[in-house]
Amino acid sequence: MQTNHSHKEYKQQIVEQVTMITLNNNVSINDTFDFLYFDHDLNLTDCMANFTDLIDLQELQCNQTIVKEMFSLEYRIIGTIFQSIIFIVGLLGNIMVVSVVYKIRSMRTPTNCYLVSLSIADLMVLIAAVPNELVSYYQEKYTWLWGNYGCKMSVFLQYLGINASSLNLIAFTVERYIAICKPMLAHRICTLNRARKILIYVWIFAVIYSSPWLFLTETRQIDPFRETCDFKLPRSYYLVYFFTDIIVFYVIPLALSCLLYILIAHALLSSKSMKHKGRLIHSNVTMVSVTHRHTKNNSSRAQVVKMLAVVVIVFATLWLPYRLMLVYNSFAAMLSQPKFMDLWFIMFAKTCVFINR
């Protein structure tokens, strides 16, 4: 009699678990870490348990079994191909930048110091995000495999790398502006030691700013078989954090970079104009030699500016889909409206962010 009673309690627990999962058909899973994890709404069909033999959870039967919900074959193949290529190229490219600057002493300039820091930030994002993304294509949807601490560290490292990358972009854009537009000041300010100190402050700020993610995320059971990496609090508590991210690490870096490159371009054009006038007025050999040296120097500076301008344009373009999705879904959450969660657009936005590494 006691055994029958315990079996009944066990079956009742299973029914309660299944009912809870089934009735809550608008569960927000991975509710926008909006980088690796985008929010998904689960639409589950009614599940029924067949308890003919006092069976265990393996006998659970559903019209559309949640544990078998997988991404389509086409989606998996396309995602795997593109993101594997991005991961390998990004990993090798960034490691090469770090190793070359480390080994060749003459390469240790302030500009290259910022590039090394940027490569480290990019490596952090790639390693924390892409491997799990590839694994997730071949797991049941929304499944997290790496435990609670893995969840916290993965999200933290992604945001740390993203934020440090944006701050690095600001730092060496300012450094280039000073070096080109304020050459007398640059001799005192644009030094290797100062660049190292600036980067220490950049990383300290990025760590402090990103550290709340260690306490704002956790793993949660989404059914008796699986857990997911999710928000610890309701989404509404994160909106200020998300909008601060957009302003501090996207809008400000983009606006500041555009302004400084306009000033740099103006300075270079003015410099070329002055040198041209100098050649017309002075015809002696010494003046021609000095002018040639300045022209060559300006040419190398112009190449650096072009390279950094490309970095800014790529940064703005590749982050735009993700940022737009974040803003739209945040407002949708505030207004209790459906979020935009097209799987192909999510893959596109993720891939753009990975390419930016």
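Below, all heavy atoms of this structure are taken into account, side chains as well, without hydrogens, waters or symmetry copies.
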[X] versus [Y]: any side-chain heavy-atom pair under 4.5 Å?
X: Thr191; Y: Pro110; value: no
X: Leu260; Y: Arg176; value: no
X: Val327; Y: Ile246; value: yes
X: Val135; Y: Leu145; value: yes
X: Lys182; Y: Tyr177; value: yes
X: Trp146; Y: Thr219; value: no
X: Pro321; Y: Phe345; value: yes
X: Met347; Y: Tyr137; value: yes

To the nearest 0.5 Å, how far apart are [atom1] in [X] and [atom2] in [Y]?
X: Thr351; Y: Phe348; atom1: OG1; atom2: CZ; result: 8.5 Å
X: Ile78; Y: Trp344; atom1: CD1; atom2: CH2; result: 3.5 Å
X: Lys152; Y: Phe156; atom1: NZ; atom2: CZ; result: 12.5 Å
X: Thr317; Y: Ile313; atom1: OG1; atom2: CD1; result: 7.0 Å
X: Ser99; Y: Ile104; atom1: OG; atom2: CD1; result: 8.5 Å
X: Gln83; Y: Ile85; atom1: CD; atom2: CD1; result: 10.5 Å

Check: Is the charged tip of Lys141 near the ring of Phe71: under 6.0 Å from the six-membered ring centre and within 45° of its axis?
Finding: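 Flagged: Lys141 positioned over aromatic ring of Phe71.
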Minimum heavy-atom separation for [X] to [Y], with atom names?
X: Leu216; Y: Tyr238; value: O-OH, 2.8 Å
X: Gly161; Y: Ala121; value: O-CB, 3.5 Å
X: Asn148; Y: Glu218; value: OD1-CA, 3.3 Å
X: Leu123; Y: Gly90; value: CD2-O, 4.4 Å
X: Pro253; Y: Val248; value: CD-O, 3.2 Å
X: Leu126; Y: Leu91; value: CD1-N, 3.9 Å

Strictly distance-based, threshold 3.5 Å: is any side-chain N or O of [X] a donor or acceptor partner for the main-chain N or O of [Y]?
X: Ser257; Y: Leu254; result: no
X: Gln221; Y: Arg226; result: yes
X: Arg220; Y: Glu227; result: no
X: Tyr114; Y: Leu199; result: no
X: Thr228; Y: Tyr142; result: yes
X: Ser154; Y: Cys151; result: no

Would one find more than 12 heavy atoms of other residues, nucleotides or ligands at under 6.0 Å from atom [atom1] of [X]?
X: Tyr201; atom1: OH; value: no
X: Phe243; atom1: CZ; value: yes
X: Phe215; atom1: CZ; value: no

Please tell me whether [X] and [Y] are part of a single hydrophobic cluster in this structure, the criterion being side-chain heavy atoms less than 4.5 Å apart.
X: Val89; Y: Phe82; result: no
X: Leu192; Y: Ile198; result: no
X: Trp203; Y: Leu214; result: yes
X: Tyr138; Y: Leu343; result: yes
X: Ile252; Y: Leu263; result: no

Next item on the list: Could you check whether the rings of Trp319 and Phe315 sit parallel, tilted or perpendicular, using 30° and 60° as the cut-offs?
Entry: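 Answer is tilted, since the angle falls between 30° and 60°.
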Next item on the list: Quick one: do Cys181 and Ile264 satisfy side chain to side chain contact (heavy atoms under 4.5 Å, CB included)? Show the steps, please.
Entry: CA-CA 6 Å; Cys181 298; Ile264 289 171; 4.0 Å; yes
Could you list the donor-acceptor pairs under 3.5 angstrom formed between side-chain atoms of residues 162-172 and any protein atom two or more places apart in sequence or on another chain?
from, atom 1, to, atom 2, distance (Å)
Asn163, ND2, Tyr159, O, 3.1
Asn163, ND2, Ser210, OG, 3.0
Ser166, OG, Ile162, O, 3.4
Ser166, OG, Phe249, O, 2.9
Asn168, OD1, Ser117, OG, 2.8
Asn168, ND2, Ser117, OG, 3.1
Asn168, ND2, Ala164, O, 2.7

Margin query: Test of understanding: with ring pair (Phe, Tyr, Trp, His ring centres under 6.0 Å), list the residues that count as partners of Tyr241, not counting sequence neighbours.
Written below: Tyr209, Trp213
Notebook entry, point to check: Which is it for Asn329 and Met341 under the side chain to side chain contact (heavy atoms under 4.5 Å, CB included) test, yes or no, and what are the steps along the way?
Noted result: CA-CA 9 Å; Asn329 286 343; Met341 294 313 307; 3.6 Å; yes
Margin query: Test: salt bridge (charged side-chain N to carboxylate O under 4.0 Å, His left out). Region: residues 111-131. Which pairs qualify, not counting sequence neighbours?
Written below: Asp122-Arg357
